[in-house]
Amino acid sequence: MQQRRYSRLCLLSLSFSCLLLLLPSFLGPVDAYKNYTVGDSLGWYDATVKSNVNYQKWADGKNFSLGDFLIFNTDTNHSVVQTYNFTTFKSCDYDNSVGNETMEWSSTNPSNTLTQAVTVAVPLLKEGLTFFFSGDYDGEQCQNGQHFKITVSHGKGLPDSLKDPSDQAPAPNAADYGSTPDTVVPFDFNNPHDQDTDVKKDSGSISLHVKILDMKLNGILLSLGILYMF
């Protein structure tokens, strides 16, 4: 009898140990919108200022999604241009851009003598290829390494604060419900938080994970109860 009870206790102990090991897989990853500081500690400058800049290397391997922000730490002698047009990107020319495919997020008169530090926050509003460069000095800064491209995935989709109001309430007879919004930042969009890590938690996703975990725990405890009876 004692040997049988000892065997049951060993099985219970082993089962609870396995349960603890499986907890992370039950919960799963919790996605969040993120802020990415471009160039990390190097900031956003051309090679004449920071000789070791390589923004494409910085961007490669990162997972950018809709709703994330790129944070450009730079100065008034460098601009931040975003475009979806490959020709504009290759030419390093903002002045000849057409339509709403290109946007200049920082607009100042560049000067090598009178510069001020600035931080520019750029939200990622469209899926697919997106290009960034500095368009100052007739593209010279862009040609000197101040450029990169990224691919933006859908992720959790745009948060409501970054959606165009017209996209949130489509007309009943709208033909295309899946169209990507234009590069227009809503007037009251939320700026990113100060930290460079996760910005927002998806409470709905967490609640779903907790419910799934509760169901699995109940099943395991029921199995353990049946095992203990025998």
Side-chain angles (χ1 to χ4, degrees), residues 31-155 158 162 183 185 189-199:
D31 295 330
Y33 298 112
K34 296 180 180 179
N35 299 337
Y36 293 93
T37 301
V38 177
D40 296 325
S41 60
L42 291 177
W44 177 241
Y45 298 96
D46 63 285
T48 63
V49 179
K50 301 287 182 70
S51 59
N52 54 341
V53 295
N54 188 330
Y55 294 107
Q56 194 57 59
K57 183 178 180 180
W58 169 85
D60 290 343
K62 291 181 172 59
N63 297 317
F64 302 98
S65 302
L66 290 175
D68 291 345
F69 275 81
L70 298 188
I71 311 299
F72 293 81
N73 292 321
T74 185
D75 59 33
T76 53
N77 196 39
H78 298 78
S79 68
V80 179
V81 178
Q82 179 186 18
T83 184
Y84 303 100
N85 188 302
F86 180 73
T87 301
T88 299
F89 174 67
K90 289 298 291 183
S91 65
C92 296
D93 185 4
Y94 167 73
D95 294 331
N96 292 326
S97 60
V98 178
N100 60 0
E101 292 183 316
T102 304
M103 177 176 291
E104 187 173 41
W105 289 91
S106 62
S107 179
T108 58
N109 293 321
S111 170
N112 285 317
T113 56
L114 300 174
T115 59
Q116 295 180 344
V118 294
T119 296
V120 183
V122 178
L124 301 180
L125 303 176
K126 280 189 179 182
E127 294 180 59
L129 272 176
T130 304
F131 308 95
F132 293 89
F133 64 93
S134 175
D136 286 347
Y137 297 100
D138 297 324
E140 289 184 9
Q141 292 176 341
C142 172
Q143 296 164 7
N144 282 310
Q146 202 170 358
H147 63 267
F148 66 97
K149 63 181 179 180
I150 63 174
T151 299
V152 180
S153 65
H154 182 79
L158 284 175
L162 290 178
T183 314
V185 180
F189 83 96
N190 292 337
N191 284 305
H193 291 241
D194 292 335
Q195 68 269 20
D196 291 297
T197 54
D198 293 351
V199 177

In terms of heavy-atom contacts, Ile71 and Ala121 come closest through CD1-CB, 3.9 Å

Determine yes or no for a side-chain-to-main-chain donor-acceptor pair under 3.5 angstrom, with Ser134 supplying the side chain and His78 the backbone.
no

Would you say the side chain of Glu101 lies within less than 4.5 Å of the side chain of Thr88, judging by non-hydrogen atoms?
no

Please tell me if the side chains of Ser91 and Phe133 come closer than 4.5 Å, counting only heavy atoms from C-beta onward.
no

Checking the side chain of Thr102 only, and the main-chain atoms of Tyr84 only, is there a donor and an acceptor separated by less than 3.5 Å?
no

Just so I know, are the side chains of Leu158 and Leu125 near enough to count as touching, which here means a heavy-atom distance under 4.5 Å?
yes

Test side-chain contact (heavy atoms from CB on, under 4.5 Å) applied to Asp40 - qualifying residues, sequence neighbours left out:
Trp58

CG/Asn85 to OG1/Thr130 distance, rounded to the nearest 0.5 angstrom?
12.0 Å

Mind checking the CG-OG1 spacing from Leu42 to Thr74? Nearest 0.5 Å is all I need.
12.0 Å

Is there side-chain contact between Ile150 and Lys62, with at least one heavy-atom pair below 4.5 Å?
no

Are the side chains of Val152 and Lys126 in touch, meaning some heavy atoms are under 4.5 Å apart?
no

Spacing of CG belonging to Asp136 relative to OG belonging to Ser106, to within rounding of 0.5 Å
7.0 Å

With side-chain contact (heavy atoms from CB on, under 4.5 Å) as the test, pick out the partner of Trp105 among Val80, Val81, Leu70.
Val80

Determine, step by step, whether Val53 and Gln146 satisfy the side chain to side chain contact (heavy atoms under 4.5 Å, CB included) criterion, reporting the C-alpha distance in whole Å, the side-chain angles of both residues, the deciding distance to 0.1 Å, and the verdict.
CA-CA 8 Å; Val53 295; Gln146 202 170 358; over 6 Å; no

Looking at CG of Asp46 and CD of Gln143, how far apart are the two atoms once the value is rounded to the nearest 0.5 Å?
11.0 Å

Residue list, side-chain contact (heavy atoms from CB on, under 4.5 Å) with Asp68, at least two apart or on another chain
Tyr33, Lys34, Tyr36, Ser65, Leu124

Tyr55 ring center near Phe132 ring center (under 6.0 Å)
no

With a 6.0 Å cut-off (strictly less than), is the heavy-atom count around NZ of Lys90, excluding the residue itself, greater than 12?
no

Kindly say whether Ser79 contributes a backbone atom to a donor-acceptor pair with the side chain of Trp44 at under 3.5 angstrom?
yes

Main-chain N/O of Gln116 paired to Thr76 side chain as donor or acceptor, under 3.5 Å:
yes

With sequence neighbours left out, the residues meeting side-chain contact (heavy atoms from CB on, under 4.5 Å) with Gln56 are Asn54, Ala59, Asp60, Phe148, Lys149

Do His147 and Phe131 have ring centroids that are under 6.0 Å from one another?
no

Would you say the side-chain atoms of Tyr45 and Asn77 include a donor-acceptor pair closer than 3.5 Å?
no

